[in-house]
There are 2 protein chains.
Amino acid sequence: MTTVRRSDATRAAILEAARERFASDGYERATIRAIARDAGIDPSMVMRYYGSKQGLFAAASAIEIGMPELGALPAQHVGVALVTHFLDRWESDEALTAMLRVGVTNEVGAARVHEIFAAQLGPVTRGVCPDPADAPRRAALVASQILGMALVRYVLLLPPAVEMSAEEVVAWLAPTVQRYLTAEAP
Amino acid sequence: MTTVRRSDATRAAILEAARERFASDGYERATIRAIARDAGIDPSMVMRYYGSKQGLFAAASAIEIGMPELGALPAQHVGVALVTHFLDRWESDEALTAMLRVGVTNEVGAARVHEIFAAQLGPVTRGVCPDPADAPRRAALVASQILGMALVRYVLLLPPAVEMSAEEVVAWLAPTVQRYLTAEAP
DNA sequence: GGTGTTGGTCAACATCCGTTGGCAACGGTA
DNA sequence: TACCGTTGCCAACGGATGTTGACCAACACC
């Protein structure tokens with residue numbers, strides 16, 4: 001059932017407009033009317049295609065972090081690889097910013113963040129850290145630093161954080177992430 | 001003009017209810033009606049005393065981080081002191097969570113976060129780091145880690161982050177903050 | 001005791017929101 | 001050509017929100 005419908009272009013336009021609005025305005029202020037206006041169609045079309053505002057957000061925030069294969073490279077380079085990868089993803093996909101912004105105010109959004117980090121960051125952590133028993137804790141620590149940087153750099157737009165180059169961010173953050181993953185517990 | 005007005009109790013009740021609502025619901029979903037109901041008074045009182053919803057938020061998020069005197073203690077203990085202090089403040093004052101939650105969706109809220117971190121964290125950084133020229137960058141790095149931990153622990157409620165003890169958080173985060181402040185730039 | 005100020009309630013306004021149902025044009029199919 | 005599902009627009013509903021102004025009760029002061 002992968003037939004091409006005539007409305008696919010409209011569906012895509014809605015999804016793109018929704019991602020932009022959710023990313024820049026958050027869940028409550030991203031109104032269906034505004035999204036429809038951006039997409040150049042009527043608000044009722046959004047409802048027909050995605051059922052409800054929650055349904056639209058669920059569709060707009062279906063994200064694959066696409067974790068790289070970290071098992072292949074030496075354990076002491078995991079920090080650099082991880083930070084670099086997240087930075088790339090964040091700068092090329094505003095759905096990530098949308099997810100973060102919505103996760104802060106909306107319960108469904110928060111659950112979405114949980115899912116994604118459990119499913120995508122969890123396995124990587126489990127494969128790298130010394131004792132699998134405290135893998136969740138280490139993953140949470142990594143998440144705190146990576147989401148924190150995303151917060152100040154892409155959401156709060158703290159000037160010094162925005163002005164730093166990607167290389168600089170990696171150089172500062174990679175040792176932190178590396179330590180959270182592989183250093184022995186304090 | 002510090003006379004005690006008869007309405008001071010009501011003003012305080014409104015402010016407390018507002019802090020709770022802003023902290024748990026964010027700016028948009030924290031309605032004036034709900035805040036007034038919590039405070040046991042009429043919504044119009046909120047308007048009379050605080051002018052507007054923005055005014056109420058401004059009053060509810062007037063925060064003093066109350067930075068400790070870091071100049072007094074040896075430079076290599078600054079990380080521990082800073083993380084400990086922030087953790088204490090965050091767990092004893094829900095206005096901080098409110099500020100973070102609102103800062104993510106509301107522009108005024110974001111500006112408030114900028115202010116507070118510039119005014120409170122800036123000077124500390126400037127006094128401790130080797131080269132005053134890159135103090136803002138170092139402050140932003142520290143903010144990314146501290147706000148990131150606040151995000152996963154108090155807002156997103158990521159289970160492993162919530163379950164960690166305060167001592168554990170300090171033990172993991174302090175070396176990070178210490179490095180962001182005093183290590184030479186990479 | 002009258003009078004002005006303060007603390008508080010009530011009802012309403014204008015606006016916006018998510019959502020719904022009806023209806024017109026279009027496109028392929030028989 | 002006649003038909004029917006699809007795509008789209010339009011107008012409206014019910015409800016919630018921030019905000020306002022009229023009105024009432026208690027208090028302070030002359």
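All values below come from the heavy atoms of this structure, side chains included, with hydrogens, waters and symmetry mates left out.
Between A:Ile41 atom CD1 and D:dT6 atom C1' the separation is 15 Å, expressed in whole Å. In this structure, B:Asp8 atom CG and C:dG7 atom P are separated by 8 Å, rounded to whole Å. Atoms OH (B:Tyr27) and P (D:dT17) sit 14 Å apart, rounded to a whole Å. Going from atom CD of A:Glu28 over to atom C1' of C:dG18 covers 12 Å, rounded to whole Å. Between the CE atom of A:Met47 and the P atom of C:dT20 there is a distance of 5 Å, given to the nearest Å. Summarising the geometry, the separation between CZ on B:Arg11 and P on C:dT6 is reported as 11 Å, rounded to the nearest angstrom. The distance between atom CG of B:Asp25 and atom P of D:dA16, rounded to the nearest whole Å, is 16 Å. Residue B:Asp42 contributes atom CG, which lies 13 Å from atom C1' of D:dC23 at whole-angstrom precision.
Minimum atom distance to the side chain of A:Ile32 is reached by C:dG18, of the listed C:dT9, C:dG18, D:dG18. The side chain of B:Lys53 has D:dG18 as its nearest neighbour among D:dC10, C:dT9, D:dG18. Nearest to the side chain of A:Arg48, among C:dT9, C:dG22, D:dT19, sits C:dG22. You'll find that the side chain of A:Arg5 is closest to D:dT7, out of D:dT7, C:dC10, C:dG7.
Mapping B:Met45 and A:Ser52 onto DNA chain C by nearest heavy atom places B:Met45 at the nucleotide closer to the 5' end. Heavy-atom nearest nucleotides on DNA chain C were determined for B:Thr10 and for B:Arg33, and the one closer to the 5' end corresponds to B:Thr10.
Within 4.0 Å (heavy atoms only), A:Ser44 reaches at least one base atom of the nucleic acid. Using a 4.0 Å heavy-atom criterion, one finds that A:Tyr50 contacts no nucleic acid atom at all.
One cannot find a donor-acceptor pair under 3.5 Å joining the base of C:dC16 and the side-chain atoms of A:Thr31.
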Exercise. Evaluate side-chain hydrogen bond (donor to acceptor under 3.5 Å, both in side chains) for A:Tyr180 paired with A:Thr125, printing each intermediate quantity in order.
Key: CA-CA 10 Å; A:Tyr180 290 162; A:Thr125 310; over 6 Å; no
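The aromatic rings of B:Tyr27 and B:Phe22 sit parallel, their planes meeting at an angle under 30°, below the 60° perpendicular limit.
For the pair B:Asp131 (side chain) and B:Asp134 (backbone), a donor-acceptor distance under 3.5 Å is absent.
Counting heavy atoms from C-beta outward, A:Tyr49 and A:Met45 have side chains that approach closer than 4.5 Å.
Put simply, CG on A:Leu173 and CD on A:Glu168 are 11.5 Å apart, with the number rounded to the nearest 0.5 Å.
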